[in-house]
J.: 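Pasting a structure here, questions to come.
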Amino acid sequence: MYSLPSPFHLRDIDAASDGDQAFVRALYRSSRGDLLHMQAEADFIEQLIAMQQRTHELGYRQSYPQARQLLIERDGAPIGRLIVNPGAQALRVVDITLLPQAQGQGAGSAVLAGLQAHAAAQQWTLHLGVNHANLAARRLYARLGFVAESEDPIQQQLRWSAA
């Protein structure tokens, strides 16, 4: 497992746990401000968010069948989710999402530092993608030593290596 400094901790998501599944749904919903602020009926927006979440989850499972889904916790309470896929001499951060109220408080840095330490110990690289519009995440990744590997109009692919 990836070691994090206190008060942060990672644990596997329990697919059979109603609490874990409810948190993952609430987390996804909290990340969709674009849909939450649409001019539409509330029921329609909730259905759209649920559909988008199912589509994302299916895409993750199809593209990264070996990925681990982990809850990010602070003092035992879930504050986010990490999906990480181990590969041949590399780790891929498929997704990292934090509740809005947990952002900017060190959780993202702690998670990424834990992944970097694990990757360095294995002599692996660490890869992730970030949307161009996500300026806070891009600043964090640059501060942690990630460098651009490639990009398209929507995302930039980043790489980190201890070497």
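Sequential numbering from 1 along the given sequence is applied to the chain's residues.
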J.: Assigning hydrophobic clusters by single linkage (Ile, Leu, Val, Met, Phe, Trp, Tyr; side-chain heavy-atom cutoff under 4.5 Å), is Leu99 placed with Leu4?
T.: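 They do not share one cluster, since no chain of ILVMFWY contacts under 4.5 Å joins Leu99 to Leu4.
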J.: Quick one: pull up CZ in Phe23 and CG in Leu27 and give me the separation to the nearest 0.5 Å.
T.: 4.5 Å
J.: Supply the atom-to-atom distance Arg92 CZ to Arg159 CZ, rounded to the nearest 0.5 angstrom.
T.: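 Between Arg92 CZ and Arg159 CZ, I get 12.0 Å after rounding to 0.5 Å.
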J.: Given the rule in the side-chain contact (heavy atoms from CB on, under 4.5 Å) test, do Gln156 and Phe146 qualify, once you have shown the distances and angles that lead to the verdict?
T.: CA-CA 11 Å; Gln156 188 175 43; Phe146 285 84; over 6 Å; no
J.: Under 4.0 Å between a Lys/Arg side-chain N and an Asp/Glu carboxylate O for Arg25 and Asp18?
T.: no
J.: Scan side-chain atoms only and decide if His127 and Glu149 contain a donor-acceptor pair under the 3.5 Å cut-off.
T.: yes
J.: Got Gln53 and Met51 here, is their nearest side-chain heavy-atom distance under 4.5 Å?
T.: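 No; the side chains remain at least 4.5 Å from each other.
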J.: Which value, rounded to the nearest 0.5 Å, describes the distance between Asp75 atom CG and Ser6 atom OG?
T.: 6.5 Å
J.: Hey, is the main chain of Ile79 close enough, under 3.5 Å, to the side chain of Glu73 for a donor-acceptor pair?
T.: no
J.: For residues Tyr2 and Val111, determine if any side-chain heavy atom of one lies less than 4.5 Å from a side-chain heavy atom of the other.
T.: no
J.: If you measure from CG on Leu48 to CD on Glu41, what distance do you get to the nearest 0.5 Å?
T.: 13.5 Å
J.: Ignoring hydrogens and geometry, is there a side-chain-to-backbone donor-acceptor pair from Ser63 to Tyr60 under 3.5 Å?
T.: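 No, Ser63 side chain to Tyr60 backbone: no donor-acceptor pair under 3.5 Å.
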J.: One pair to check against side-chain contact (heavy atoms from CB on, under 4.5 Å): Asp20 and Gln69. What are the steps and the verdict?
T.: CA-CA 11 Å; Asp20 284 3; Gln69 293 201 27; over 6 Å; no
J.: Please check: side-chain N/O of His132 versus main-chain N/O of Asp152, any donor-acceptor pairing under 3.5 Å?
T.: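 Checking the backbone N and O of Asp152 against the side chain of His132, a donor-acceptor pair under 3.5 Å is found.
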J.: Hydrophobic clusters here meaning ILVMFWY residues chained together by side-chain heavy-atom distances under 4.5 Å, can you tell me if Ile13 and Tyr28 are in one?
T.: no
J.: Report yes or no: do Val84 and Val94 belong to one cluster of Ile/Leu/Val/Met/Phe/Trp/Tyr joined by side chain heavy-atom distances under 4.5 Å?
T.: no
J.: Do you reckon Leu144 sits in the same ILVMFWY cluster as Leu10, going by side-chain contacts under 4.5 Å, direct or chained?
T.: yes
J.: Assign the ring pair Trp124 / His118 to parallel, tilted or perpendicular, where the plane angle (0 to 90°) is split at 30° and 60°.
T.: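 Trp124 and His118: perpendicular rings.
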J.: Side-chain heavy atoms nearer than 4.5 Å, only ILVMFWY residues, links allowed to pass through others: does that put Val130 and Trp160 together?
T.: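 As far as the 4.5 Å side-chain criterion goes, Trp160 and Val130 are connected within one cluster.
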J.: Within the 4.5 Å heavy-atom criterion, are Ser161 and Leu126 side-chain neighbours or not?
T.: no
J.: Please examine the side chains of Thr55 and Gln52, heavy atoms only from C-beta on, and report whether any two atoms are closer than 4.5 Å.
T.: no
J.: Scan side-chain atoms only and decide if Gln157 and Gln155 contain a donor-acceptor pair under the 3.5 Å cut-off.
T.: yes
J.: Is the closest side-chain heavy-atom distance between His9 and Arg74 below 4.5 Å?
T.: no
J.: Can you find a heavy atom in the side chain of Leu82 that is under 4.5 Å from one in the side chain of Leu115?
T.: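 Heavy-atom side-chain distance check passes, below 4.5 Å.
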J.: Is Arg138 close to Asn131 at the side-chain level, that is, under 4.5 Å between some pair of heavy atoms?
T.: no
J.: Measure the shortest side-chain to side-chain distance between Ile96 and Ile72 over non-hydrogen atoms and say whether it is less than 4.5 angstrom.
T.: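 In short, these two side chains touch, coming nearer than 4.5 Å.
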J.: Under 4.0 Å between a Lys/Arg side-chain N and an Asp/Glu carboxylate O for Arg81 and Glu57?
T.: yes
